[in-house]
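Okay, so here's the structure we're looking at.
Protein chains get the first letters and strands the later ones, always in sequence-line order, with residue 1 at the start of each.
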Amino acid sequence: MPELPEVETVVRGLRATLPGRRILAVRLGKTDFIDDPAALGERLPGRRIGAVERIGKFIRVELAPETGAAHPTQSHAHEADGRLHLLVHLGMTGRLAVRSPDEPVVPHTHGFFELDDGQELRYTDIRRFGRILLVSASALPEFESRLGEDALFVSAREFRQQLSGRRARIKALLLDQKSLRGMGNIYSDESLWRARIHPVRLASRLTAEEIARLHQAIRQVLRAAIKLGGSSISDFLDAEGKPGSYQMRHRVYGREGQKCFRCGALIRRIIVAGRSSHFCPHCQPRPRRGQRAPRSGRSRAKSTKTRGAKPPSARK
DNA sequence: CGTTGAACCTGTTTGC
DNA sequence: TGCAAACAGGTTCAAC
């Protein structure tokens, strides 16, 4: 459910109430989606919430170590392991919202973070595809380095470089967080429709003009979606429990069989990169030939054949 | 490198 | 009506 616009919407909502609050206690229900459940209860209580930001589709809640501690009690060796970051990924059905303890707990709520103003931050996730982890300030850069540039801020040049030489389908690349962070299924389809590019096109075969068009389409679509609070297909709600309305502006997503707003042709749906992909067969023409891998020998094939020298392949 | 399919989990919609 | 299949905003991993 949540892609960049929805996560941005949630972050903006949380930013209105969380900064400055102190976490008093943590209670958890099911924990199979939490990297280290025990660490939450051990390290969060007492910490003060700082900035609330978005890292691709992750929500980052900065946690400062307890400050005015009059008595060191029994602090461990690591004198103040400095700042910590609580990272929350909403997966498909995750929700994060500040509620009053009096409000009824909706089903599938597995995380409760008691705050010092009497309220509590609750994490609800029906499918539990979400993820919660704690990262130290020193480990944050490493974490971020595994993601590409943010889809909302990537420059035309960086976008072009990211696609150059990639022989994968453009749709697969847009969904790949290591290539570009923040895009999901809805906004990938919407952006490709705007740019008039078929989802199955190979990135390496897009023209410079098409790449520029796609870059523009992505930022326009994302900005418009953020302005409307994201898309609410069936269950996305912001931090205050209100739905977004960008679904009213969808041009192709969820519109299979309906008329294209640009040319009237019927929108089609196919599977690309394992995901439903919606497009207009007229505005977004299929790539000419040369796509299917050559259907050659089905024989044993001498797999042990290695190619020439492999470059150092600097990782990280 | 890239692709496909399965898996993770629960709920809702669709089809026969 | 009833039950099974398909599908859902995401990510990851094995196998090819």
May I ask you to say what Ile233(A) touches in the nucleic acid, namely base, sugar-phosphate or nothing, with a heavy-atom cut-off under 4.0 Å?
base

Taking for Phe58(A) and for Ile271(A) the nucleotide of DNA chain C with the nearest heavy atom, the one nearer the 5' end belongs to Ile271(A)

We want to know whether Arg127(A) and Thr93(A) form a side-chain donor-acceptor pair, criterion being a heavy-atom distance below 3.5 angstrom.
no

Nucleotide nearest Ile126(A) when distance is taken to its side chain, options dT3(B), dT10(B), dG10(C)
dT10(B)

Mind checking if Ser276(A) touches a base, just sugar-phosphate, or nothing, with heavy atoms under 4.0 Å?
sugar-phosphate

With respect to the phosphate group of dT3(B), does any side-chain polar atom (N or O) of Lys171(A) fall under 4.0 Å of OP1 or OP2?
no

C1' gap between dC1(B) and dG10(C), integer Å
23 Å

Classify the ring geometry of Tyr187(A) against His250(A): parallel below 30°, tilted from 30° to 60°, perpendicular beyond 60°.
perpendicular

Rounded to the nearest angstrom, tell me the gap between atom CG in Asp176(A) and atom C1' in dG10(C).
12 Å

Distance test, side-chain N/O of His108(A) to OP1/OP2 of dC9(B), below 4.0 Å
no

Check the distance between dT10(B)'s P and Arg128(A)'s CZ and give it to me in whole angstrom.
4 Å

Length of the line joining Phe33(A):CZ and dT12(C):P, which is rounded to integer Å
16 Å

Using the P atom on both, measure dA5(C) against dA6(B) and round to a whole Å.
14 Å

Looking only at heavy atoms, what is the nearest atom pair of Leu84(A) and Ser136(A), with distance?
CD2-CA, 3.9 Å

Could you state the CZ-C1' distance from Arg255(A) to dA8(C), rounded to the nearest angstrom?
19 Å

Partner nucleotide, any strand, of dG9(C) [Watson-Crick/G-U, under 3.5 Å]:
none

Need the pair for dC9(B). Rule: Watson-Crick or G-U wobble, both distances under 3.5 Å, any strand; none if unpaired.
none

Using OP1 and OP2 only, check whether a side-chain N or O of Arg127(A) sits under 4.0 Å from dT11(C).
no

Would you say Lys57(A) places a side-chain N or O within less than 4.0 Å of OP1 or OP2 belonging to dT11(C)?
yes

Is Gly184(A) touching bases, backbone alone, or none of the nucleic acid, heavy atoms closer than 4.0 Å?
sugar-phosphate

Nearest-angstrom distance, C1' atom, dG2(C) to dC9(B)
24 Å

Separation between the P atoms of dT14(B) and dG9(C), rounded to whole Å
15 Å

Using only heavy-atom distances, determine whether the side chains of Ser100(A) and Glu103(A) contain a donor-acceptor pair under 3.5 Å.
no

In whole Å, measure the gap between the P atoms of dG5(B) and dC7(C) for me.
13 Å

From CG of Leu87(A) across to C1' of dT11(C) the rounded distance in Å is 15 Å

Paired with Tyr123(A), the ring-ring contact (aromatic ring centres under 6.0 Å, His included) test is passed by just one of Phe113(A), Phe33(A), Phe112(A), namely Phe33(A)

Tell me the interatomic distance from Leu90(A), atom CG, to dC8(B), atom P, rounded to whole angstroms.
22 Å

Of the listed nucleotides (dT4(B), dT12(C), dG10(C)), which one gets closest to any side-chain atom of Arg169(A)?
dT4(B)

Counting just side-chain N and O atoms, does Gln177(A) come under 4.0 Å of either OP1 or OP2 of dT11(C)?
yes

Expressed in angstrom and rounded to an integer, what is the separation of Glu256(A) atom CD from dA6(C) atom P?
15 Å

Examine dG9(C): is either OP1 or OP2 under 4.0 Å from a nitrogen or oxygen in the side chain of Arg275(A)? Give yes or no.
yes

Between dC9(B) and Phe129(A), is there a base-stacking contact, meaning the centre of the base's six-membered ring lies under 5.5 Å from the residue's ring centre while the planes stay under 30° apart?
no

Show your reasoning for whether side-chain contact (heavy atoms from CB on, under 4.5 Å) applies to Ile49(A) and Leu115(A).
CA-CA 10 Å; Ile49(A) 297 176; Leu115(A) 305 176; 4.2 Å; yes

When rounded to the nearest 0.5 angstrom, what is the spacing between CZ in Arg219(A) and OG in Ser191(A)?
11.5 Å

Please report the distance, rounded to the nearest Å, between CG in Asp32(A) and P in dT11(C).
17 Å

